[in-house]
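Please read the structure below before turning to the comments.
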Amino acid sequence: MSELRPTETGLKSGLDRDRNRGDDAIPRHVAVIMDGNGRWAERQGLARTEGHRAGLEAVRKIVRAADDLGIGFLTLFAFSSENWNRPKQEVDLLMRLPEEFFELDLPEVIERGCRIRTIGRMERLPPNVRRTLENAKQRTESGTGMQLVFALSYGGRAEIVDAARRLLREHEQGQLDPDGLDEKMFAAHLDLPELPDVDLLIRTGREWRISNFLLWQLAYAEIHVTDCMFPDFGREELEAAIADFHARERRFGQTGAQVREGS
Ligand code: IPE
Ligand code: IPE
Ligand code: MG
């Protein structure tokens, strides 16, 4: 087994031991760029905001399906730092969705033993959204099942810069030896240190780009891009993405022969 297996990186986080945490059956960390809501709506002559509402239903489906499949971490890109540049009316609608999701779904999330986490610049979110998220995080703190991570007001570069800032502060206080800095220590200063590397990145909406998502954690992710617009994404599409993941040979810099020999 390779030393670089991402399923073994990241810090220990007190998760339940039963749930699949990265054997070959199910990817441990699945991250999703939930794209295509606007085009889905426009194709049907609907307002883009209708697409976002339909996207919320797809979030419900993917959360249930991912949990049923035993995925350890599901990270959903819900709102990027760049999405603040959209028209105000669209941003306002998008900012209402976290409340709509948790109002209806928090009991089920709790029942499932999921734990809600967030990454991104929370301080930019309206106070009511922050409150909703804080409440969901608190109420699921003891959840030992799937960790459901919402990336909101999130940008991968900003997360890396924030980590660098935290490290510089520690250095200023004499708590950090620059020669001791390595990848593990750097990763421990990211927004959610226990978030492991992504195994499978899914992007809906047929765009082949990363859009500033999880730049650090995606280093060795397998990437599945689908034509499916996010509102049409459900259990079947998630299973297809996982089947695609299984068809890949993850080499982590080694040769195919080395991987097959298990050296
Ligand atoms: C993704 O769908 C949702 C967010 C970015 C919040 P889009 O709104 O980007 O949909 P398209 O790409 O315009 O179709
Ligand atoms: C990425 O989608 C952000 C989210 C899914 C939240 P975008 O639609 O904003 O990405 P770009 O701008 O087309 O790359
Ligand atoms: Mg888009």
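Numbering of ligands and ligand atoms starts at 1, following listing order. All values below come from the heavy atoms of this structure, side chains included, with hydrogens, waters and symmetry mates left out.
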What residue among Ile119, Leu94, Leu125 forms side-chain contact (heavy atoms from CB on, under 4.5 Å) with Leu152? Leu125
Pair Asp67 + Arg64: basic N to acidic O under 4.0 Å: no
Counting non-hydrogen protein atoms only, what is the nearest one to atom 7 (P) of ligand 1? Give residue, atom name and distance. Asp35 OD1, 3.5 Å
Those atoms of ligand 1 less than 4.0 Å from some heavy atom in His52: 3 (C), 8 (O)
Check Arg115 with Glu141, please: is the shortest side-chain N to carboxylate O separation under 4.0 Å? no
Under 4.0 Å, heavy-atom basis, I'd like to know which part of Phe79 is in contact with ligand 2: side chain, backbone, both or neither. backbone
At under 4.0 Å between heavy atoms, is it the side chain or the backbone of Ala151 that contacts ligand 2, or both, or neither? neither
Are the side chains of Asp177 and His171 in touch, meaning some heavy atoms are under 4.5 Å apart? no
Please determine if Arg28 and Asp197 form a salt bridge, counting it only when a charged side-chain N lies under 4.0 Å from a carboxylate O. no
Ring centroid separation Phe150 to Phe102 under 6.0 Å: yes
How far is atom 13 (O) of ligand 2 from the closest protein heavy atom, and which atom is that? Arg209 NH2, 2.8 Å
Nearest non-hydrogen protein atom to atom 11 (P) of ligand 1, with distance, is Arg39 NE, 3.5 Å
Should Thr75 and Val32 count as side-chain neighbours, where that means a heavy-atom distance under 4.5 Å? no
Look at atom CZ of Arg139 and say whether more than 12 heavy atoms of other residues, nucleotides or ligands are closer to it than 6.0 Å. no
In ligand 1, which numbered atoms sit nearer than 4.0 Å to a non-hydrogen atom of Ala78? 6 (C)
Crowding at CZ, Arg169 (>12 non-hydrogen neighbours, <6.0 Å): no
Identity and separation of the nearest protein heavy atom to atom 1 (C) of ligand 2: Ile33 CG2, 3.9 Å
Mind checking how many protein N/O/S atoms fall short of 2.8 Å from the Mg ion (ligand 3)? 1
Nearest non-hydrogen contact to atom 4 (C) of ligand 1 from the set Arg86, Arg43, Arg48 belongs to Arg86
Going by distance alone, is a donor N or O of one side chain under 3.5 Å from an acceptor N or O of the other, for Glu90 and His52? yes
Between ligand 1 and Gly205, can you find any atom pair, the residue atom being a heavy atom, that is separated by under 4.0 Å? no
Heavy-atom contacts with Ser211 under 4.0 Å: which atoms of ligand 2 show up? List them by number with element. 10 (O), 11 (P), 14 (O)
Which segment of Glu42 sits under 4.0 Å of ligand 1 when only heavy atoms are counted: neither
Looking only at protein heavy atoms, which one is nearest to atom 10 (O) of ligand 1, and what is the separation? Gly38 N, 2.9 Å
4.0 Å heavy-atom contact, Met34 with ligand 2: yes
Answer yes or no: is there a side-chain heavy-atom contact under 4.5 Å between Leu76 and Val63? yes
If you draw a 6.0 Å radius around CD in Gln89, do more than 12 non-hydrogen atoms from other residues or ligands fall strictly inside? no
Who's the nearest protein heavy-atom neighbour of atom 9 (O) of ligand 2, and how far? Asn83 ND2, 2.9 Å
Heavy-atom count around Glu249 CD within 6.0 Å, excluding the residue itself: above 12? yes
Which bit of Ser80 is near ligand 1, meaning a heavy atom under 4.0 Å away: side chain, backbone, both or neither? neither
Pair Phe252 and Tyr220, ring centroids less than 6.0 Å apart: yes
